[in-house]
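Note that this is a predicted model, so its numbers are computed, not measured. Positions are given from 1, in the same order as the sequence printed here.
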Amino acid sequence: QVQLVESGGGLVQTGDSLLLSCAASGGTFSRYTVGWFRQAPGKEHEFVAAITWSGGITYYADSMKGRFTISRDNAKSTVCLQMSSLKPEDTAVYYCAADRSPSYGSVRSRRKDNYDYWGQGTQVTVSS
């Protein structure tokens, strides 16, 4: 069983940057694909980015490409999401999630149903 804890959220202004972290404990986190999703009020979960177990392959939602960067440090059981050029529409609760399947791919990583473990989320609010 893997426990995930997100941190780093907060209130920022348009154009600012923010670094989110996802710390894992338990299980074999280093073998899992990890994704970030977000959920704005009244909306469904939206895929943000994902990274394979080795960190060698990353996936991004089109609207985040060039602004967000996902990375991981398996020695520290941590996955980070560096967000820059933030916009008010980035306001949401951000969740990290882990997929324990050895399979990976662009389509698989975007589906929240493929993830087995979820954190509680961290709020990001971008003011205009």
Taking Asn114 for its side chain and Arg108 for its backbone only, find out whether a donor-acceptor pair lies under 3.5 Å. yes
With a 4.0 Å cut-off, would you call Asp90 and Lys87 a salt bridge? no
Which heavy atom of Ile70 sits nearest a heavy atom of Tyr60, and at what distance? N-OH, 2.9 Å
Flag the pair Gln39 / Lys112 as yes when at least one side-chain heavy-atom distance between them is below 4.5 Å, and no otherwise. no
Considering only heavy atoms from C-beta outward, does the side chain of Gln82 approach that of Ser17 to under 4.5 Å? yes
Just by modelled atom types, is the Ser127 backbone N or O under 3.5 Å from a matching donor or acceptor in the Thr14 side chain? yes
Checking Asn74 now: which residues fulfil side-chain hydrogen bond (donor to acceptor under 3.5 Å, both in side chains) with it, not counting sequence neighbours? Arg72
Tell me the closest heavy-atom pair linking Leu4 and Ala24, and the distance in Å. CD2-CB, 3.7 Å
SG to SG, are Cys22 and Cys80 under 2.5 angstrom apart? no
Go through the side-chain N and O atoms of Gln123 and Thr125 and say whether any donor and acceptor fall under 3.5 Å apart. yes
Minimal heavy-atom distance between Cys96 and Glu6, with the atoms involved, is N-OE2, 2.9 Å
Identify the two heavy atoms, one from Arg67 and one from Ser84, that lie closest to each other, and give their separation to 0.1 Å. O-OG, 2.8 Å
When you check the side-chain N and O atoms of Arg100 and Tyr32, is any donor under 3.5 Å from an acceptor? no
Spatial distance of atom CD (Gln1) from atom CG (Asp116) [nearest 0.5 Å]: 9.5 Å
Is Val124 linked to Met64 within one hydrophobic cluster, defined over Ile, Leu, Val, Met, Phe, Trp and Tyr using a side-chain heavy-atom separation of less than 4.5 Å? yes
Determine whether a donor-acceptor pair (N or O, by modelled atom type, separation under 3.5 Å) exists between the side chain of Arg110 and the backbone of Ser106. yes
Give me the other members of the hydrophobic cluster that Phe37 sits in, counting Ile, Leu, Val, Met, Phe, Trp and Tyr linked by side-chain heavy atoms under 4.5 Å, directly or via other members. Phe47, Ile57, Tyr59, Val93, Tyr95, Tyr104, Tyr115, Trp118
Side chains of Leu18 and Phe68: closer than 4.5 Å at any heavy-atom pair? no
same_hphob_cluster(Val34, Trp53) at 4.5 Å side-chain heavy-atom cutoff: no
Give the minimum heavy-atom separation between Ala92 and Ala40, together with the two atoms involved. CB-N, 3.8 Å
Hey, quick one: are Leu20 and Val126 part of the same hydrophobic cluster, counting side-chain heavy atoms closer than 4.5 Å, chains of contacts allowed? yes
Whether over 12 other heavy atoms sit under 6.0 Å from Glu89 CD: yes
Ala49 versus Leu81, closest heavy-atom pair with distance: CB-CD1, 4.2 Å
